[in-house]
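None of the values given here were measured: they were computed from a predicted structure.
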Amino acid sequence: MPSSKPAATLLLVLGLTVYLLAGSPQSAYAMHIMEGFLPLGWTLFWWAAFIPFFVLGLRSLQRITREAPELKLLLGLAGAFTFVLSALKIPSVTGSSSHPTGTGLGAVMFGPLPMSVLGSIVLLFQALLLAHGGLTTLGANAFSMAVAGPMAGYAVYRSLSRVSGRPKLSIFAAAAAADLTTYIVTSVQLALAFPAESGGVLGSLAKFGGIFAVTQVPLAVTEGLLTVLIWNWLQAHSPSELSLLQSRMKGVRTHD
């Protein structure tokens, strides 16, 4: 007789997904930093900052797929998880919006560099197919969501795993940290481009960060819970892939 645990996990995943969808008004037309919103100088700066991480990410993906082709399915899952969660948008600061990012799961499984490629591909598809974000602002959006977020999430995962020895708590914290870091960096990007008349960059940063925090903190907690549920589902249905992942990717533990 099949265990009821996987079914309960799927129901919880479905419930959290419905919660996120219900909280995403259909009137939101901006997502990430929208097309043409940044001045040309900052547009070029963030492209230049993002490209080196993208090149390193390509090399990391080539190494993973060459040494462990069995992990391609999990790479696809990490990309799909990022695409679905980052498509759930809520209006926030003018020229941008709030949403989960989904990058924490992939960062925990494969490290932060592969997510620079997977996350930027997700952003490119959303810019071309969904009119979310833009091509000129792709460098800035990719730096915040596909570089800074995964790096912060991976650092939190490794640190908390070493201190607490509790993988699922570490995965929850990593997903939430990746989410929040993305919006901290987005706030910095907007503050640098649009300093306040009174208070300059710091005044603008406080304004952008304060507005984002209202929507992003509960979203980060929800994303952390959803990521742990996905991890539980993987443990129930893909133990061989997770075992291979653990043996190839240092730091990933599959059991508490």
If hydrophobic clusters are built by linking Ile, Leu, Val, Met, Phe, Trp and Tyr wherever their side-chain heavy atoms come under 4.5 Å apart, do [X] and [Y] end up in the same one?
X: L128; Y: M145; answer: yes
X: F53; Y: W42; answer: yes
X: V108; Y: V156; answer: no
X: I230; Y: L225; answer: yes
X: W46; Y: L44; answer: no

Closest contact, heavy atoms only, [X] versus [Y]:
X: A142; Y: S120; result: CB-CB, 4.2 Å
X: A140; Y: Q189; result: O-NE2, 2.9 Å
X: G153; Y: A174; result: O-CB, 3.2 Å
X: V185; Y: A148; result: CG2-CB, 3.6 Å
X: G203; Y: A196; result: C-CB, 4.3 Å
X: S170; Y: Y157; result: CB-CD1, 3.6 Å

May I ask you to decide if [Y]'s main-chain N or O and [X]'s side chain share a donor-acceptor pair within less than 3.5 Å?
X: T137; Y: I33; answer: yes
X: S243; Y: P239; answer: no
X: T181; Y: A178; answer: no
X: Q126; Y: G133; answer: no
X: T65; Y: Q62; answer: yes
X: T43; Y: P39; answer: yes

Could you state the interatomic distance from [atom1] ([X]) to [atom2] ([Y]), rounded to the nearest 0.5 Å?
X: L71; Y: L61; atom1: CG; atom2: CG; answer: 11.5 Å
X: M109; Y: W231; atom1: CE; atom2: CH2; answer: 6.5 Å
X: L58; Y: S116; atom1: CG; atom2: OG; answer: 7.0 Å
X: I121; Y: M115; atom1: CD1; atom2: CE; answer: 10.0 Å
X: L38; Y: L192; atom1: CG; atom2: CG; answer: 10.0 Å
X: E223; Y: L180; atom1: CD; atom2: CG; answer: 9.0 Å

L135 and L124: side-chain contact (heavy atoms from CB on, under 4.5 Å), yes or no, with the steps? CA-CA 7 Å; L135 297 179; L124 177 63; 3.7 Å; yes
Evaluate the side-chain proximity of [Y] to [X]: yes if any heavy-atom separation is below 4.5 Å, no if none is.
X: V117; Y: F54; value: yes
X: N141; Y: T186; value: no
X: L113; Y: R59; value: no
X: P100; Y: D179; value: yes
X: F45; Y: F143; value: no
X: T103; Y: V122; value: no

Show your working on side-chain contact (heavy atoms from CB on, under 4.5 Å) between L244 and L74 and close with a plain yes or no. CA-CA 11 Å; L244 179 62; L74 288 183; over 6 Å; no
In terms of side-chain heavy atoms, does T136 have a donor or acceptor partner in E35 at a distance below 3.5 Å? yes
Residue pair L234, E241: steps toward the side-chain contact (heavy atoms from CB on, under 4.5 Å) verdict: CA-CA 9 Å; L234 286 172; E241 287 83 359; over 6 Å; no
Which residues pass the salt bridge (charged side-chain N to carboxylate O under 4.0 Å, His left out) test with E197, not counting sequence neighbours?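 Counting only residues at least two positions away or on another chain, E197 forms no salt bridge (charged side-chain N to carboxylate O under 4.0 Å, His left out).
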Just distance, no hydrogens or angles: give the donor-acceptor pairs under 3.5 Å from side chains in residues 76-83, sequence neighbours left out.
| unit_1 | atom_1 | unit_2 | atom_2 | d |
| --- | --- | --- | --- | --- |
| T82 | OG1 | A78 | O | 3.0 |
| T82 | OG1 | G102 | O | 3.0 |

Candidate pair F172 and V221, rule side-chain contact (heavy atoms from CB on, under 4.5 Å), full reasoning: CA-CA 8 Å; F172 167 82; V221 173; 4.3 Å; yes
Counting only heavy atoms from other residues, nucleotides and ligands, does the tally under 6.0 Å from CG of L73 exceed 12? no
Which label fits F50 and W47: parallel for a plane angle under 30°, tilted from 30 to 60°, or perpendicular past 60°? perpendicular
